[in-house]
Amino acid sequence: MQTAADVLRQRLGTAAPDVAVLLGSGWGPLAGRLEEAVSVPYTDLPGFPSLAVGGHAGTLSVGRLTPPGQASPTPVRVAVLAGRKHAYETGQPDGMKGAIQALAAWGVKALVQTNAAGSLEAHMPPGALMLIEDHINLVQASPLVGLEGDDRFVDMSAAYCPVLRAQALALAAQAGATLHRGVYAWVLGPQFETPAEIRMLKVLGANAVGMSTVPETILARHAGLRVLALSMMTNMAAGLSDETLSHAHTMHTAQGAAERAVDLLCSVLAKLEI
Ligand code: HPA
């Protein structure tokens, strides 16, 4: 039987791009910035998740990005995954396991994750961008449960690659963009948090809270991929502003902030040295 990595080699080339970007809520416009894009739907990739949300099946595309201020695309190919299976959909944290293992088998070296998050910090209002330096797996669930072998005991002490983080900060500064740094706490959702939960997260050392990313970071580290992750603040977390939290509201903020976020991401991806 053909594996997803076989299909990727056949349809997108035997040489995998070094970087795959997993798009989170609000970061969709990055896919539209790909030039000479070739796409494969997740439905053609064994082990990739089936996604029902919004009638969108999920797509893996490969192409080249043109950073802001440049006339032509960089020679660097990147893979962009539009569509993520969240743990809150099934209760299982391993929805992206097949996809991430296939990327590694194809030859991808780094996973760049993006997400939408609630901010715990007054200096990171909605629209602000945060580089994830570390995470708190508050759910205490693992996508590696059930695997065998010593390599399941993954070292998470530098889960978000320090070298890639330093490059991302320098490249953001070069591009004149503000990129905050902080700790991301993973909650299961799909409900938002209570104000008491947010006060607890603050005590625990979190700067942002969200419902994704952590399982994929664990999977990527297990598969030997380096990880870089960016959060877009779409709202102040529960109890920190007078707003009522809703998905529609966070998506509306994300749309407003997306172009600037995607500009920053393109500037970083164009020069990231893997
Ligand atoms: N909490 C959890 N996940 C989120 C939030 C939030 O406030 N905003 C966007 N994703």
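Heavy atoms only: backbone and side chains are in, while hydrogens, waters and symmetry mates are out. Atoms within each ligand, like the ligands themselves, are counted from 1 in listed order.
By the criterion of side-chain heavy atoms lying less than 4.5 angstrom apart, applied directly or through intervening Ile, Leu, Val, Met, Phe, Trp or Tyr residues, L219 is grouped together with Y160 in one hydrophobic cluster.
Summarising the contacts of atom 8 (N) of ligand 1 with N235, L201, V209, the nearest heavy atom is found in N235. Of the listed options W186, F192, Y88, F192 places a heavy atom closest to atom 6 (C) of ligand 1.
Under 3.5 Å, the side chains of T250 and N235 contain no donor-acceptor pair of N or O atoms.
Heavy atoms from other residues, nucleotides or ligands lying under 6.0 Å from NZ of K202 number more than 12.
Looking at heavy atoms from C-beta onward, N207 lies out of side-chain contact with L201 at the 4.5 angstrom threshold. Annotation: side chain of Q10 is in contact with side chain of Q2 (closest heavy-atom distance under 4.5 Å). L228 is not listed as a side-chain neighbour of Q113, based on a closest heavy-atom distance of 4.5 Å or more.
Using a 4.0 Å cut-off to heavy atoms of G210, the atoms of ligand 1 that qualify are 2 (C), 3 (N). Applying the 4.0 Å criterion to heavy atoms of E193 picks out, from ligand 1, the atoms 1 (N), 2 (C), 6 (C), 7 (O). Counting the atoms of ligand 1 from 1 in the order shown, those under 4.0 Å from a heavy atom of M211 are 2 (C), 3 (N). Ligand 1 places these atoms under 4.0 Å from at least one heavy atom of A116: 9 (C), 10 (N). For ligand 1, the atoms closer than 4.0 angstrom to any heavy atom of T234 are 8 (N), 9 (C).
A salt bridge does not link R260 to D263: none of the charged side-chain nitrogens sits closer than 4.0 Å to a carboxylate oxygen.
Residue contacts with ligand 1, taken as heavy atom pairs separated by less than 4.0 Å, involve A117 solely via the backbone atoms N, CA, C and O.
Protein heavy atom nearest atom 5 (C) of ligand 1, with residue, atom name and distance: G118 N, 3.4 Å.
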